[in-house]
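Following: one structure in structure tokens, then a few remarks.
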Amino acid sequence: MVKIRLPDGKVLEFPDGITAAEVVSTIGPGLARKTVAVRAAGQVVDLATRFSAGEIALQALTESDADALTVLRHSCAHVMAEAICALWPRTKLVYGPPVENGYYYDIDLDHNLTPEDFAKIEAKMQEIVKSDRPFTRYELPRSDALAKLEREGNEYKVDNAQRAEGDTLSFYVTGAAGSGCWEDLCRGPHIPSTGRVGAFKVMQVAGAYHHGDASRKMLQRVYGTAFFKKAELQAHLTQLEEARKRDHRRLGPELGLFTLDPLVGSGLVLWKPRGARERFELEGLMREQLMSRGYQPVYTPHIGRLDLYRTSGHFPYYRDAQFPPLFETDTARILNELWIAAYERGDENPAGPREMQLLEELKAIDARTYAVITTGAASGNASSPDKGEARRKYELGPGCTAHNQALIREHLREADGFLLKPMNCPMHIRIYASEARSYRDLPVRLAEFGTVYRYEKSGEVSGMTRVRGFTQDDAHIFCTQGQLQAEIADCVELTCNVLSLLKLKDFRVRVGLRDDADKYVGSRENWAAAEAAIRRAVQASGMPFTEEPGEAAFYGPKIDFVVRDAIGREWQLGTVQADYNLPERFDLSYIGDDNRPHRPVMVHRAPFGSLERFCAILIEHFAGAFPLWLAPVQAVICTVSEKSCEYAGVVFEAFRKAGLRVELDAGGERIGAKIRSATMAKVPYIIVIGEQEVAGGSINVRTREGKQLGSCEPAQFLAACALEIQTRETPDPAVAGQTTA
RNA sequence: GCCACCGUAGCUCAAUUGGCAGAGCAGCGGUUUUGUAAACCGCAGGUUGCGGGUUCGAGUCCCGCCGGUGGCUCCA
């Protein structure tokens, strides 16, 4: 006997070996028709699953269930894989899971699939769906399954099987068992038959490394999506189309906000006047917040000595992601290369050919420095005589990394290279270090809209969300251990404040912690303290968050605010990071109330993150229709005919003097055309001035949403705008979007 | 950086098998003096991303670069 407990609490009894499908039919034929899988004892399983003995909680998953859609998509991945295998029999299948908006299947195939192939694949898939073949599961003992896969000669499936857990492995035949139909190693579950796939589409193909490992073979990842109903697919495609219209890369240039110019360089943003205005207003908002929270503005240069970033650790750690350093002399260039080579060889190894080659180069261009470095002869500069016992020469044996690096840095004091600044923190740290600090001065909060440059990989650069030069709304807080948590909490609050002011609600909070990778610097104790402070601060905020090991910065844990763009990609915006390590690396201190030096702790934080990225997200968030206070152009005055031009000019001047960002359209177009172009430019207020307004000394106001607010006196309008701007009134774009649609 | 795809006027897109580079919008000039999402007429706009090659002939085929897009990898 099997007892089946239904969601409503009812318990039904069945003989052993009853299938889920039979149970569901007992409940009702209508339900049976709509059910594609069941959740039994918390696990989603096939309708063909048999139950025996005990009591099982069972829930039918119908087409409206999110989990059912996932099952469908997984099944559709099989249908697509079969279609591809039928068309290109050389195809080796790798891995085909459902994902958020559909599914993909990784394949290894020498023919590159192109969008033209998609139609062929879809036609074949349609045949498979039409034939309405059942998904039939069978299981083999692990060793038999492995032997079968080895025989079939697909090394990827063998690899999958080896990684799978359990004593038995399951296969799914798209057809009856033993029918010779297409089959795949698969954990399941699946829908009952291919005919249940109501609508599908092959979306795109992209490269993907096997196991995500860049050193392994690049596979083809074919993306598709599937739904139970055609209308749902159509709605999904329409939504994608709408999202593409909101894409900042399309709207930004269209609305004249920014431009990306290959002549200037990939990933380098040119902010045009309208985009710059948006940024200017955001910076204003942030400045107000910072001033009221005790931050002090600072300014630092865009370039700094390489040694600054050797000290911070950014230069060695992120070397590949930085613009190459600039050198005044070849000696400095070669010494820097030697420093890198010493760093890379590590303590275990003796000097390699790279170091020998660099020493030879040094010898050729600067015999004096070469001699000093290789023989340890007096260099004439600061090497202190009391340490003179140790030989001050470049060591070729193992175990000398620190010694060699220190030696080279000493020589680089004469003429070091410069690095385009990849981070603001080292500069802010040197401002902190420029004077003696008392515990009474702490926290010291140094803020700057600091532009940084990072050499992002060519395939990574994208619009304004991933660029090679960007401005952080950066600040660094230097505080005592005891102040740390409150400072982090204030940063979290500040970030939430600005996000909520902008009605940016759709974000998630990620707490990035360290894992066991060796990229992290500093002691375990300090990491534990920093992680505890971060965790407590975010818990205190009451926001939901996820903890993600491996997501920390190399110097400390962090809280990231992550949003999605119009096409569903996630981007980190705001960030708050606790850091015990840079103060140590730069030997920072303050004098405590015990009159002894203490080490401060740092908080790195940027509520917007990058202004480029933040503005990109805002463009998409508002679909280019910015609230009045952010709008590059707040009002356009449109004349009905030449007869009203003079008066319109007077109103225009008055508005401009009042500080409104206003434009005058007194051209020869008709009023309808002027309204259309102002509407498409997403200008919040459109002012119509014709002979009536001239006669009445009034204006007529219309919104970009098409609402006619009627006529009023110019002063009335100005006062209303002033209030709306001053309070930074920000309508929820989700609601605004509905009225414009 | 890797894999794939794409690149025609400022924008959106045409151009049969390799056979005279074209349209709409935007721009400019004129006519119209207009009342809430597109008046009319005209003009101009191009080394088809760049550089090679094949061919009698290349926007179209081949090679190399540059740029963009979608993923992968990375993201202080």
Side-chain angles (χ1 to χ4, degrees), chain A residues 104 106 112-117 203-223 244 247 249-250 253-254 256 259-263 265-267 309 312-315 317-318 320-322 421-426 452 454-463 465-466 472 474 512 519 521 551-556 558 560 567 569 571-572 575 577 579 582 604 606 610 613 638-645 668-680 686-693 700-711 740:
Chain A
Y104 66 79
D106 281 349
N112 289 322
L113 293 178
T114 65
E116 288 91 79
D117 293 327
M203 302 295 286
Q204 47 178 300
V205 60
Y209 298 111
H210 189 213
H211 290 314
D213 182 344
S215 66
R216 298 179 88 138
K217 182 165 183 180
M218 177 75 63
L219 306 167
Q220 296 188 66
R221 178 166 294 178
V222 192
Y223 285 89
R244 267 192 277 275
D247 193 323
R249 291 169 299 186
R250 179 188 175 120
E254 210 169 277
T259 185
L260 296 164
D261 184 348
L263 190 55
S266 181
Y309 300 100
S312 70
H314 291 107
F315 175 67
Y317 192 82
Y318 291 106
D320 296 337
Q322 288 160 353
K421 114 175 139 180
M423 280 291 275
N424 298 304
C425 34
V452 297
R454 299 177 185 176
Y455 195 79
E456 303 289 357
K457 287 185 274 187
S458 61
E460 278 305 339
V461 171
S462 175
T465 41
R466 192 79 182 266
Q472 299 174 313
D474 210 357
K519 68 173 191 176
V521 299
E551 290 296 320
F554 77 91
Y555 50 72
K558 56 180 186 164
D560 288 332
I567 57 173
R569 292 182 293 198
W571 301 98
Q572 174 195 312
T575 184
Q577 312 173 353
D579 178 11
L582 290 185
H604 308 238
S610 132
R613 181 177 289 178
C638 301
T639 54
V640 174
S641 77
E642 251 169 44
K643 291 173 194 160
S644 49
C645 278
E669 292 292 343
R670 307 213 165 168
I671 189 64
K674 291 180 184 182
I675 285 167
R676 180 170 187 268
S677 71
T679 303
M680 292 200 306
I686 299 161
I687 313 290
V688 176
I689 291 186
E691 288 183 88
Q692 279 172 40
E693 286 70 31
N700 195 291
V701 184
R702 176 191 164 106
T703 71
R704 63 188 157 199
E705 287 81 24
K707 203 194 289 179
Q708 290 192 41
L709 301 179
S711 62
T740 46

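The figures that follow rest on heavy atoms only: side chains count, while hydrogens, waters and symmetry mates do not. The model shown is predicted, which means the values in this text are computed figures rather than measured ones. Every chain is numbered from 1, with letters handed out A, B, ... down the list of sequences.
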| task | Return one dot-bracket line describing RNA chain B 5' to 3' (Watson-Crick or G-U wobble pairs, both distances under 3.5 Å; ( ) same strand, [ ] crossing, | another strand, . none). | result | (((((((..((((.....[..)))).(((((.......))))).....(((((..]....))))))))))))....
| field | Sugar-phosphate only, base, or nothing, as touched by A/Ile671 at under 4.0 Å among non-hydrogen atoms | value | sugar-phosphate
| note | Ranking B/U33, B/A76, B/U36 by distance to the side chain of A/Gln572, first place goes to B/A76
| request: Measure from the side-chain heavy atoms of A/Tyr209 and tell me the nearest of B/C5, B/A76, B/G1. | output: B/G1
| said: Let me spell it out: for each of A/Asp247 and A/Glu691, pick the nucleotide of RNA chain B with the closest heavy atom. Which residue's pick is nearer the 5' end? | reply: A/Glu691
| note | A/Ala673 has its side chain closest, among B/G1, B/A38, B/G35, to B/A38
| message | Could you walk me through whether A/Asp213 and A/Ser215 satisfy the side-chain hydrogen bond (donor to acceptor under 3.5 Å, both in side chains) test, starting with their C-alpha distance in whole Å, then the side-chain angles of each, then the deciding distance to 0.1 Å, before giving a yes or no? | response | CA-CA 5 Å; A/Asp213 182 344; A/Ser215 66; 2.8 Å; yes
| task | Consider only side-chain N and O atoms of A/Ser711 and A/Asn700, and report whether a donor and an acceptor are under 3.5 Å apart. | result | no
| field | Distance below 4.0 Å between A/Lys643 side-chain N/O and B/U34 OP1 or OP2 | value | yes
| With a centroid cutoff of 5.5 Å and a plane-angle limit of 30°, would you call A/Tyr555 stacked on B/A76? | no
| request: Answer with yes or no whether A/Tyr455 presents, from its side chain, a donor or acceptor under 3.5 Å of a partner atom in the base of B/G1. | output: no
| query | Base, sugar-phosphate, or nothing for A/Glu456, non-hydrogen atoms under 4.0 angstrom? | reply | nothing
| task | Spell out yes or no: do the side chain of A/Gln708 and the base of B/G35 have one donor N/O and one acceptor N/O closer than 3.5 Å? | result | no
| query | Side-chain donor-acceptor pair under 3.5 Å between A/Gln220 and A/Asp106, yes or no? | reply | no
| task | Report yes or no: is the cationic atom of A/Arg221 (NZ for Lys, CZ for Arg) under 6.0 Å from the centre of the six-membered ring of A/Tyr104, at an angle within 45° of the ring normal? | result | yes
| field | Check: A/Val688 and A/Val640 side chains under 4.5 Å, non-hydrogen atoms | value | yes
| request: For the side chain of A/Tyr318, starting at C-beta, report the closest nucleotide among B/A76, B/U36, B/C5. | output: B/A76
| message | In this structure, how many angstroms lie between the C1' atom of B/U36 and the CD atom of A/Glu669, rounded? | response | 15 Å
| task | Using a cut-off of strictly less than 4.0 Å, decide whether A/Ser266 has a side-chain nitrogen or oxygen near OP1 or OP2 of B/G68. | result | yes
| query | From the list B/G71, B/A4, B/A37, which nucleotide is the closest neighbour of the side chain of A/Asn112? | reply | B/A4
| Just wondering, do A/His210 and A/Leu219 contact through their side chains at under 4.5 Å, heavy atoms? | yes
| query | What does A/Glu116 touch in the nucleic acid at a heavy-atom separation under 4.0 angstrom: a base, only the sugar-phosphate, or nothing? | reply | nothing
| said: For A/Arg249 and A/Met680, find the nucleotide of RNA chain B closest to each by heavy atoms; which residue's nucleotide sits nearer the 5' end? | reply: A/Met680
| Distance-only donor-acceptor test (3.5 Å): side chain A/Arg466, base B/C74 | yes
| A/Ser641 side-chain proximity, nearest of B/U33, B/G1, B/U36 | B/U33
| task | Locate the shortest heavy-atom distance separating A/Cys425 from A/Leu582; write the atom from each residue and the value. | result | SG-CD1, 4.1 Å
